[in-house]
Amino acid sequence: YLYVSSMPPSWAPLPHALHLKYSPNGGNTWSNDIIVSNSSYPGFHGSMGIMNVSMDGALHIVYTSLQGFTPYFAYARTTNLGQSFTRNYPSMFYSVGDTLYQVSYSLTSDPQNPQNINMFFTGKIGNDPDIYFIRSSNGGNNWGSPLRINNDTPNNGIGQDMSWSFQTNGLLGVGWRDRRNGTPGS
């Protein structure tokens, strides 16, 4: 299957909904529009869904969601082409408080164990944005605590952002824009 997610532009009136379509035939035809987000896990500010299909066929989606005035990462999983979703909040550390940083996030699944779902994200838990990792070992039902990945001195005023990740043959890799040689606040 091919999957496509979309969301209205950021200037469109709130609330925003995360949309999903799939094609069973290489893009020749597409499903009807499927709404991924809901009132408990609403979409936020033009966020695109980051998707991953695990080896068991489950579709995993992470997107930004707004609860009150605070944006969070929301997670949704479907095993039946969007007829129903399991949802939760894998991390409450979304906002970095500075528009110079690119808040990015990526999602992978372990090709040898589809229950292992990995997420990397830019988050601000200390005094500056860093790259964090969380894992679910039960298909996205629960998530571990964030682990800081970048190894520059913590709370040095220099943020890290723009993470990308991949997983293949038992190896999990992540890359990000490393600003450690920049000036504080850069």
Show your reasoning for whether side chain to side chain contact (heavy atoms under 4.5 Å, CB included) applies to Y75 and I61. CA-CA 6 Å; Y75 167 82; I61 306 168; over 6 Å; no

Nearest heavy-atom contact between L107 and W143 is CD1-CH2, 4.4 Å

message = Is there a path of hydrophobic side-chain contacts, each under 4.5 Å between heavy atoms of I/L/V/M/F/W/Y residues, joining Y72 to F133?
response = no

- [ ] State plainly whether one hydrophobic cluster holds both Y132 and I149, where clusters connect Ile, Leu, Val, Met, Phe, Trp and Tyr through side-chain heavy atoms under 4.5 angstrom apart.
- [x] no

side-chain contact (heavy atoms from CB on, under 4.5 Å) test vs M119 passes for just one of V62, T108, N52, namely V62

Contacts satisfying salt bridge (charged side-chain N to carboxylate O under 4.0 Å, His left out) that involve residues 138-149 (not counting sequence neighbours) are D130-R148, R148-D152

Scanning both residues in full, the closest heavy-atom pair of P111 with Q167 reads CD-CG, 3.7 Å

ask   = Any donor and acceptor pair, going by atom type alone, linking the side chain of N113 with main-chain N or O of D110 inside 3.5 Å?
value = no

P24 and T29 have their tightest heavy-atom pair at CD-O, 3.9 Å

Margin query: Assess, by modelled atom type and distance only, whether the side chains of N88 and R77 contain a donor and an acceptor separated by less than 3.5 Å.
Written below: no

Donor-acceptor pair between S163 and D161 side chains, under 3.5 angstrom
no

task = Please state whether the rings of Y89 and Y41 are parallel, tilted or perpendicular, taking 30° and 60° as the class boundaries.
result = tilted

- request: Evaluate the side-chain proximity of L20 to F85: yes if any heavy-atom separation is below 4.5 Å, no if none is.
  value: yes

Got N116 and N138 here, is their nearest side-chain heavy-atom distance under 4.5 Å? no

TODO: Ignoring hydrogens and angles, tell me if any N or O in the side chain of S54 forms a donor-acceptor pair with the backbone of S109 under 3.5 Å.
DONE: no

Q | Step-by-step side chain to side chain contact (heavy atoms under 4.5 Å, CB included) determination, S31 to K21 | A | CA-CA 5 Å; S31 69; K21 288 189 175 212; 3.9 Å; yes

Between S23 and G27 the two heavy atoms that sit nearest each other are OG-N, 2.7 Å

Give a yes or no answer on whether the side chain of Q160 reaches the backbone of R179 with a donor-acceptor pair at less than 3.5 Å. yes

Original post:
Going only through I, L, V, M, F, W and Y residues with side-chain contacts under 4.5 Å, is there a path from W164 to I131?
Top reply: no

Under 3.5 Å, is there a donor-acceptor pair between the side chain of D128 and the main chain of G159? no

query = Can I50 be reached from I134 by stepping across I, L, V, M, F, W or Y side chains whose heavy atoms are under 4.5 Å apart?
reply = yes

Q. Side chains of V36 and H19: closer than 4.5 Å at any heavy-atom pair?
A. no

**Item:** N155 CG: over 12 foreign heavy atoms closer than 6.0 Å
**Value:** yes

What one should report as the nearest heavy-atom pair of F120 and S165 is CD1-CB, 3.4 Å

The reported gap from CD1 in I34 to CG in L81 (rounded to nearest 0.5 angstrom) is 7.0 Å

Quick check: do F121 and P146 have side-chain heavy atoms less than 4.5 Å from each other? yes

Subject >> Evaluation steps, ring pair (Phe, Tyr, Trp, His ring centres under 6.0 Å), between F73 and Y105 >> reply: CA-CA 9 Å; F73 291 113; Y105 46 102; 4.9 Å; yes

message: The test is side chain to side chain contact (heavy atoms under 4.5 Å, CB included); show your working for L172 and N118 and say whether it passes.
response: CA-CA 9 Å; L172 177 60; N118 308 297; 4.0 Å; yes

